[in-house]
Amino acid sequence: MEGMSLPEESGPVEDLPLVAPRLRALRRRASLTLEAAAGAAGLSPAHLSRLETGQRQPSLPMLLGLARIYGTTVSELLGETVADRDAIVRAADMEPTAAGGWSYWQAGASGRGMQALRVHVPHGAQGDIVRVHPGEEWLYVLKGRLRLRLGDTAHVLAPGDSAHFDSLTPHRLAADGRDGTDLLFVHTLLQSPTAGLCIGPTAGVTP
């Protein structure tokens, strides 16, 4: 996402009340300035500031990117309580969370080097957002059809198809059909909060 302008989400964070203060607290915990974190995430400092004050609602791709940069998980950003390093996640314990039009269910435990999610991508939701970040992604189509663009190549994936790619390759995901698409989605997390500095400006004094 670096160097790309992402569309801003409208409206205050009403369905994710804990996100704004936690975004600011986790950025400070990672010792990143607003400018450094925004640059690493491909956002403007003004946009990240609005996310931290609740004036804008973050999309799920934004949350994924910020979680990597801060060396944490989306579940921690959202204040969710998942048993630390519990090997089993029961279906009854998977509560859906909405972010930027997408819905996802935590499908793995916290404190791991990878994050597993079950994701529903509605038709027309954030299909124009191009993402670039360190790490790897693996996805598996459960239902519906997925339009996946990797660099300059477009693919349409049907149920049972999967993709595994370096997430430094510019990529874009969108549902190919009015009913949306359901995915299993796994991505690697940065192993240290300071690892985010390799794709952003050098951090200075945290505001």
Side-chain angles (χ1 to χ4, degrees), residues 1-11 13-16 19 40-44 47 51 56-69 73-75 77-78 80 89 91 93-108 112 114-190 199:
M1 293 187 298
E2 188 172 10
M4 297 183 181
S5 176
L6 297 180
E8 296 187 358
E9 309 298 326
S10 60
V13 177
E14 296 177 353
D15 56 337
L16 302 173
V19 170
L43 302 169
S44 69
H47 192 173
L51 294 178
R56 298 290 180 188
Q57 178 175 337
S59 65
L60 179 56
M62 288 178 187
L63 291 175
L64 288 169
L66 290 171
R68 291 185 183 96
I69 292 162
T73 64
V74 170
S75 59
L77 287 179
L78 297 175
E80 295 176 351
V89 180
D93 297 330
M94 294 183 186
E95 294 292 334
T97 300
W102 292 22
S103 298
Y104 81 94
W105 293 257
Q106 194 74 23
R112 301 289 185 180
M114 299 184 298
Q115 185 172 27
L117 304 168
R118 181 162 60 88
V119 181
H120 175 72
V121 182
H123 179 71
Q126 302 179 30
D128 58 343
I129 295 180
V130 178
R131 285 163 279 169
V132 179
H133 49 80
E136 295 183 15
E137 294 187 21
W138 175 88
L139 57 86
Y140 178 92
V141 180
L142 295 168
K143 182 180 178 182
R145 293 163 65 87
L146 175 74
R147 283 188 287 116
L148 171 66
R149 177 171 287 276
L150 293 174
D152 296 327
T153 306
H155 308 270
V156 176
L157 280 65
D161 292 342
S162 62
H164 188 176
F165 53 91
D166 186 328
S167 17
L168 282 174
T169 302
H171 52 285
R172 183 171 62 192
L173 285 72
D176 185 42
R178 292 290 176 184
D179 294 332
T181 184
D182 293 336
L183 312 171
L184 288 179
F185 180 83
V186 177
H187 69 96
T188 55
L189 296 168
L190 295 179
I199 57 170

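All values derive from a computational prediction rather than experimental measurement.
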From Leu139 CG over to Leu117 CG, what is the distance, rounded to the nearest 0.5 angstrom?
11.5 Å
Testing Thr188, Val186, Leu64 one by one against Gln115 for a side-chain contact (heavy atoms from CB on, under 4.5 Å), which residue passes?
Leu64
Under 30°, 30 to 60°, or over 60°: which ring-plane class applies to Tyr140 and Trp138, parallel, tilted or perpendicular?
parallel
Point-to-point distance, once rounded to the nearest 0.5 Å, from OG1 of Thr169 to CG of Asp166
5.0 Å
For a quick test of reading the model, state the closest non-hydrogen atom pair linking Pro159 to Gly144 and the distance between them.
CD-O, 3.1 Å
Can you see whether Glu137 engages His187 through a side-chain donor-acceptor pair at a distance of less than 3.5 angstrom?
no
For side-chain contact (heavy atoms from CB on, under 4.5 Å), just list the numbers for Leu77 and Val19, CA-CA rounded to whole Å, side-chain angles, deciding distance to a tenth of an Å, and then say yes or no.
CA-CA 6 Å; Leu77 287 179; Val19 170; 5.9 Å; no
Has His171 got a side-chain atom pairing as donor or acceptor with Arg149's backbone, closer than 3.5 angstrom?
no
Once rounded to the nearest 0.5 Å, what's the spacing between atom CG of Leu173 and atom CH2 of Trp102?
5.0 Å
Show your working on side-chain contact (heavy atoms from CB on, under 4.5 Å) between His47 and Met62 and close with a plain yes or no.
CA-CA 11 Å; His47 192 173; Met62 288 178 187; 3.6 Å; yes
CG (Leu146) and CG (Asp161) are apart, to the nearest 0.5 Å, by 9.5 Å
Is any side-chain heavy atom of Leu150 closer than 4.5 Å to one of His155?
yes
Can you measure from CZ (Arg172) to CG (Leu148) and round to the nearest 0.5 angstrom?
10.0 Å
For residues Thr181 and Asp176, determine if any side-chain heavy atom of one lies less than 4.5 Å from a side-chain heavy atom of the other.
no
Do the side chains of Arg68 and Glu136 get close enough for a salt bridge, i.e. N-O under 4.0 angstrom?
no
Value rounded to 0.5 Å, distance of CG in Leu63 from OH in Tyr104:
7.0 Å
Please indicate whether Asp179 has more than 12 foreign heavy atoms, meaning atoms of other residues, nucleotides or ligands, lying under 6.0 Å from its CG.
no
Do any N or O atoms from the side chain of Ser103 and from the backbone of His120 form a donor-acceptor pair under 3.5 angstrom?
no
With side-chain contact (heavy atoms from CB on, under 4.5 Å) as the test, pick out the partner of Leu183 among Val121, Leu157, Leu142.
Val121
Give the intermediate values and the outcome of side-chain contact (heavy atoms from CB on, under 4.5 Å) for residues Val119 and Leu184.
CA-CA 6 Å; Val119 181; Leu184 288 179; over 6 Å; no
Can you name the closest pair of heavy atoms from Ala175 and Pro122 and give their distance?
CB-O, 3.8 Å
Work out which heavy atom in Ala40 is nearest to a heavy atom in Ile69; give both atom names and the distance.
C-CD1, 3.5 Å
